[in-house]
There are 6 protein chains.
Amino acid sequence: MRPSGRAHDQLRTISLEPHFSKHAEGSCLVRFGDTHVLCTASVDEGVPRFLKNTGLGWVTAEYGMLPRSTHSRTDREAAKGKQSGRTQEIQRLIGRALRAVTDRAAMGEKQIKIDCDVIQADGGTRTAAITGSFVALHLAFQHLMQIGALKTMPLTDHVAAVSCGIYKNTSVLDLDYAEDSTAQADANFVLTGNGGIVEVQGTAEERPFAEPQFMELLALARKGINELVALQKAAIAVK
Amino acid sequence: MRPSGRAHDQLRTISLEPHFSKHAEGSCLVRFGDTHVLCTASVDEGVPRFLKNTGLGWVTAEYGMLPRSTHSRTDREAAKGKQSGRTQEIQRLIGRALRAVTDRAAMGEKQIKIDCDVIQADGGTRTAAITGSFVALHLAFQHLMQIGALKTMPLTDHVAAVSCGIYKNTSVLDLDYAEDSTAQADANFVLTGNGGIVEVQGTAEERPFAEPQFMELLALARKGINELVALQKAAIAVK
Amino acid sequence: MRPSGRAHDQLRTISLEPHFSKHAEGSCLVRFGDTHVLCTASVDEGVPRFLKNTGLGWVTAEYGMLPRSTHSRTDREAAKGKQSGRTQEIQRLIGRALRAVTDRAAMGEKQIKIDCDVIQADGGTRTAAITGSFVALHLAFQHLMQIGALKTMPLTDHVAAVSCGIYKNTSVLDLDYAEDSTAQADANFVLTGNGGIVEVQGTAEERPFAEPQFMELLALARKGINELVALQKAAIAVK
Amino acid sequence: MRPSGRAHDQLRTISLEPHFSKHAEGSCLVRFGDTHVLCTASVDEGVPRFLKNTGLGWVTAEYGMLPRSTHSRTDREAAKGKQSGRTQEIQRLIGRALRAVTDRAAMGEKQIKIDCDVIQADGGTRTAAITGSFVALHLAFQHLMQIGALKTMPLTDHVAAVSCGIYKNTSVLDLDYAEDSTAQADANFVLTGNGGIVEVQGTAEERPFAEPQFMELLALARKGINELVALQKAAIAVK
Amino acid sequence: MRPSGRAHDQLRTISLEPHFSKHAEGSCLVRFGDTHVLCTASVDEGVPRFLKNTGLGWVTAEYGMLPRSTHSRTDREAAKGKQSGRTQEIQRLIGRALRAVTDRAAMGEKQIKIDCDVIQADGGTRTAAITGSFVALHLAFQHLMQIGALKTMPLTDHVAAVSCGIYKNTSVLDLDYAEDSTAQADANFVLTGNGGIVEVQGTAEERPFAEPQFMELLALARKGINELVALQKAAIAVK
Amino acid sequence: MRPSGRAHDQLRTISLEPHFSKHAEGSCLVRFGDTHVLCTASVDEGVPRFLKNTGLGWVTAEYGMLPRSTHSRTDREAAKGKQSGRTQEIQRLIGRALRAVTDRAAMGEKQIKIDCDVIQADGGTRTAAITGSFVALHLAFQHLMQIGALKTMPLTDHVAAVSCGIYKNTSVLDLDYAEDSTAQADANFVLTGNGGIVEVQGTAEERPFAEPQFMELLALARKGINELVALQKAAIAVK
């Protein structure tokens, strides 16, 4: 029995609220249950130095948590003067995930900066961030097409993410904080709309896990991500 | 004529949404028109070193802006590794304003940390932050009373803030970004519910201003703050 | 009765010693009683990026305290690796004050960097710094005129500053440290030679103050600043 | 055909040189072909604060590259004043991998700090570092047993790591730099001596990969890690 | 011929102004010609951690330059967020020089922090700083004796410093900036009142120098330091 | 009697292993007994800004210690976020020493970056680093000549370094850690192959030392450096 009463293969209540921000070219407030992440996509004319004159664009991401998004207050990274290793891992992951479905030649020498800011955290912030960022990125590209700065949509597929884990010896989908903090193992899966694997990160917390267990988690992730992609399609269709 | 069509002594649409955060002991999402600030109050057992064994408590504040809360994207302070001078000025101001209406002996050796995070900016973020933080602080103290950690409410009065400025030679209340960026002078006023002056910060942007003009701005601020205090009272009464 | 025996509307002994530095284009050692601040103005060909090709110049300021300028030793900011919020507030204030009387088109695309270093502190370092910096800035512009780099003096008026406060229920002018550390309220006023208000910063330390009290402080400031401007004129006239 | 002429399931020449350091309680110079990493284990009496009085020990790791370990020189992180996101990811991974085979209750309230410093890099530094660190950690625990500070060996299994990838449409074991920089996908596997999965990190570089491909990589990793564990056993047996 | 017209073995005009600071326990403004350094000595009850419960005291030094103490403005180290290698070298040198004549057992578990701040620079700031710091330190110890916190003077000898160099093929004493910037070689000597060598730092700028030249510089230094020690004695005698 | 049993004028066993690194243009692993330092020379097209268009090249050095190169573990500078004063002193010294024998006009507008990384420390790391860096630098210049990027060897002489000290009242050559940590005085000498003095740094640890003692140390250094230069010549001759 899961603390939330969910079935083992059931996502939390998901919502994707597009056009949340007045200023950003693309934005989406994503909610995986009580985990709320604001994703914005900002267009930046000009690419990092290593891409100058290559004809290729770039998509990069930054991630942050509001200090009291967490159960007890976390020190503000801007006040501490540096980003934690965890923050850097997550923002690198988000950037890689989005670039995996972006045709960087089609977007030209532009940069899209994704900001994922956790307003409230209850487990799974990185997977929510990837899922919502895709919507924000899509909307930003739509905007560039509408103003004539792009001819074609540079996205080649959808990308979404979800965590799975072994909780009380059972494989479950979309861990919330209560599950995550006591899971025996957990894995984050980033898959495309077509089911391709973009990124897999599995970690045994308590003791190593066996291959069949890992396969179970992957199967759960496929189910969840199919549902997330359907919700992304609906969100993108909103005017 | 103001860009927003408001009368010269008219606030933007204000909303104070209490209990916004699942985790914080007190919280309030404050909106001054398109300026949206999330204010949380976190209780911390234990005071800064200089207050150990004095019997006095402390209220302090931190302030931040989401990178794309602004018209064009602002670099993330956590990524730059330091907070700007502006950020530090604002968070010091918020802390002073709240302490001015707090009986620090009555709260005992506790610390309340206020976090003001700007979700969307359209001018006046610091005055919105002070106004909303008062509600978050009040709710945190209420919480401490409900759990028996405090006997009496340590707040001695309300405190709220608003900006005024000289825009196209007219004194106007509650500048939005369109006005703020071209105002000839502006001033932030922090007043108590009883009308006492807690803080005044007036700055001539373009050319010095004269005493009667300054008095006009103060009078507008009084009117606006009376309205804000009424809204604070309504917000605090929400269960 | 004031600790120093001064009348309530009496400045400390003020001295402005121009041409103090062998190297700087303009300099002034300012003394407000035991508060001693060295102000230098350094000419820098080239403006900050946001002013490139605008035809406008820039005046900016930095502020620091020698570690043992204070009653007990303060940690060196260079050793701590960052400037405090207080330092940043003060240096931003000095820069704004000087720019308010500078015709930035007349100075052309140049930058003047003001350094205010507190050699000894006894209250009122920021107001002394503004008052002395004006002299240093004036001398630097004079120097630029003498070498033919400027045709006209880009300063449109004098600017000086003084603090006032409520000490033992009496409004007093030019607080020294003994007064400042126990004042009920204090305010810093930055006024021009013509009496225009450039900046007002009033803060209630202990309890909010009322509008008539605030007016009293402003009147005291006017008197003090008239005297300071007269001393500036004398200092500038020194060859 | 691989650039090195290796078979698709062939490791590079591996060497594990124990007792490399005169000072460290445990040490191992590990070579995966031209990738050379010095791993040291330093015993620290005293655990991080969050483990005080829990009876549990801690194993943590730090990672660095000498500036000219790489093909072209990389800036020194100590000179830049911060560790890159990549460095932080890797050192977190090494620490997790080692803790997964450590009985932290059996080691008591001690800390072992692992330092992995890349002397020369040619791909796969993180997997070499994990494989060599296990030897250094084992030797440090042996040392603690010899001096009577530990009764039993707190390691519950071996742990080793290897990378696999899809290079020119073929799944290959133990990527060197020439392969890594052009691989279509790569994955790092951290497995125990008993074949349990500790960590899996798969990333599609160019386009998403399919589940059967991922299974192929895992099978290659199993083969390679069996060989690495055999070499670890030989290294640990050296006096 | 030296640019200043001095004889090859002639110091600049030296002045040592004791009791310069209102707040510090010991202080001295030292002038070597146009090089002016304010040296303060601050008493700190409590020693660095490595000296706790050893019965030994500590003397340490910090060094800084005002931004416009130099010919052209130098960036402020507090604004850059770190101290240069040069600054760190100099402050370590000053601390070692003073400790060499301090009986740290006699001073007990106290710390004296020396601050050397360059008000104006014209070459030789580190040697001026050592010479002036000795006076400040002596006065601080005198103060501690007067208030009964020390029974005996913990200084075992005088210490002073001077630079010598090879300028236009001639060995000269006490280089000023004009000489220093073009010298073929220069050396800083720190000697005691009794002529003992505390520190020698010789550096060939342009081409290596020979042993007899080095001996010439040392002889010049002895002469200069005898004169500096006599001035220190006079300064210390001032009430 | 020295702890190592060496004669007072005897170096430790020295080895200079050229071409140690696969990637660097020049490299040398230098061993002074148990002190092992890896020196690499990296060619960088492009000089620091202050040398642009002067026709002159630059040689600079960085220094670091692996955390467990020392008897007990030293915190990693990259993790602390800054280099210590000692590190900066040493790297400045290495750079100056190498530049003293480099004809910077002959090398043209190129930069060579020397990295000296201490693999294992047992006293004398800075002198070993200078001695080994010369070999690395020489090999890098040889490489530039072989590829036709330089016509002539820009080195004008050899340079090597050794420490001497007063240990138990006896002058000894090449202090190891056991001697260094208890020496009464020590000095580092940097001399050229022709016997010219490039740098002398003598420091009295316990009490000042006299001129004849200093001369004894210099004589020992000459002997040692002659031997080191002979070993450099042999190392450079290795293909």
Side-chain angles (χ1 to χ4, degrees), chain E residues 60-63 81-97 99-104 156-159 166 184-215 217-219 221-222 225, chain F residues 60-63 81-97 99-104 156-159 166 184-215 217-219 221-222 225:
Chain E
T60 186
E62 289 187 5
Y63 170 93
K82 64 175 189 171
Q83 295 178 298
S84 71
R86 176 184 173 277
T87 291
Q88 295 198 53
E89 259 183 58
I90 293 175
Q91 59 195 16
R92 284 157 54 89
L93 170 65
I94 300 169
R96 281 199 308 272
R99 289 193 299 273
V101 294
T102 303
D103 179 343
R104 297 198 289 118
T156 57
D157 200 348
H158 276 247
V159 70
I166 304 174
Q184 295 148 295
D186 73 75
N188 293 296
F189 295 92
V190 184
L191 306 182
T192 64
N194 292 324
I197 301 174
V198 166
E199 188 103 19
V200 176
Q201 294 188 336
T203 301
E205 293 292 332
E206 211 176 80
R207 89 192 86 126
F209 53 102
E211 198 169 316
Q213 289 177 304
F214 188 71
M215 293 298 103
L217 300 183
L218 175 51
R222 284 201 185 287
I225 284 176
Chain F
T60 186
E62 289 187 5
Y63 170 93
K82 65 176 190 171
Q83 296 179 296
S84 70
R86 176 185 172 276
T87 291
Q88 295 198 54
E89 258 183 60
I90 293 175
Q91 59 195 16
R92 284 156 55 87
L93 170 65
I94 299 168
R96 282 199 309 272
R99 290 193 299 272
V101 293
T102 304
D103 179 343
R104 298 197 289 117
T156 58
D157 199 347
H158 276 247
V159 71
I166 303 175
Q184 293 149 297
D186 72 76
N188 293 296
F189 295 92
V190 184
L191 306 182
T192 65
N194 293 325
I197 300 173
V198 166
E199 187 101 20
V200 176
Q201 293 189 337
T203 300
E205 292 293 332
E206 212 175 79
R207 90 194 85 130
F209 54 104
E211 198 168 318
Q213 289 177 306
F214 188 70
M215 293 299 103
L217 300 183
L218 175 51
R222 286 202 184 286
I225 283 175

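Order of the sequence lines sets the chain letters (A, B, ...), proteins ahead of strands, with each chain counted from 1. The figures here come from the full heavy-atom set of this structure, side chains too, leaving out hydrogens, waters and symmetry mates. The model shown is predicted, which means the values in this text are computed figures rather than measured ones.
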Going by side chain to side chain contact (heavy atoms under 4.5 Å, CB included), E/Glu89 matches just one of F/Arg92, F/Arg86, F/Gln88. Which one?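 The option that passes is F/Arg92.
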Under the salt bridge (Lys or Arg N to Asp or Glu O under 4.0 Å) rule, collect the residues that match up with F/Arg222, sequence neighbours excluded.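 F/Arg222: salt bridge (Lys or Arg N to Asp or Glu O under 4.0 Å) contacts with E/Glu211.
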Only counting residues at least two apart or in another chain, list the ones meeting ring-ring contact (aromatic ring centres under 6.0 Å, His included) with E/Phe209.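 Applying ring-ring contact (aromatic ring centres under 6.0 Å, His included) to E/Phe209 gives E/Phe214.
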F/Ser84: side chain to side chain donor-acceptor pair (under 3.5 Å) partners, not counting sequence neighbours: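 Per chain and number, F/Ser84 pairs via side chain to side chain donor-acceptor pair (under 3.5 Å) with F/Glu77, F/Thr87.
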What are the two closest heavy atoms between F/Ala100 and E/Pro208, and how far apart are they?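 Distance-wise, the nearest heavy atoms are O-CD, 4.4 Å.
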Among residues 191-200 of chain F, which ones touch chain E with a heavy-atom distance under 4.5 Å?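 Listed by number, the contacting residues are F/Thr192, F/Gly196, F/Ile197, F/Val198, F/Glu199, F/Val200.
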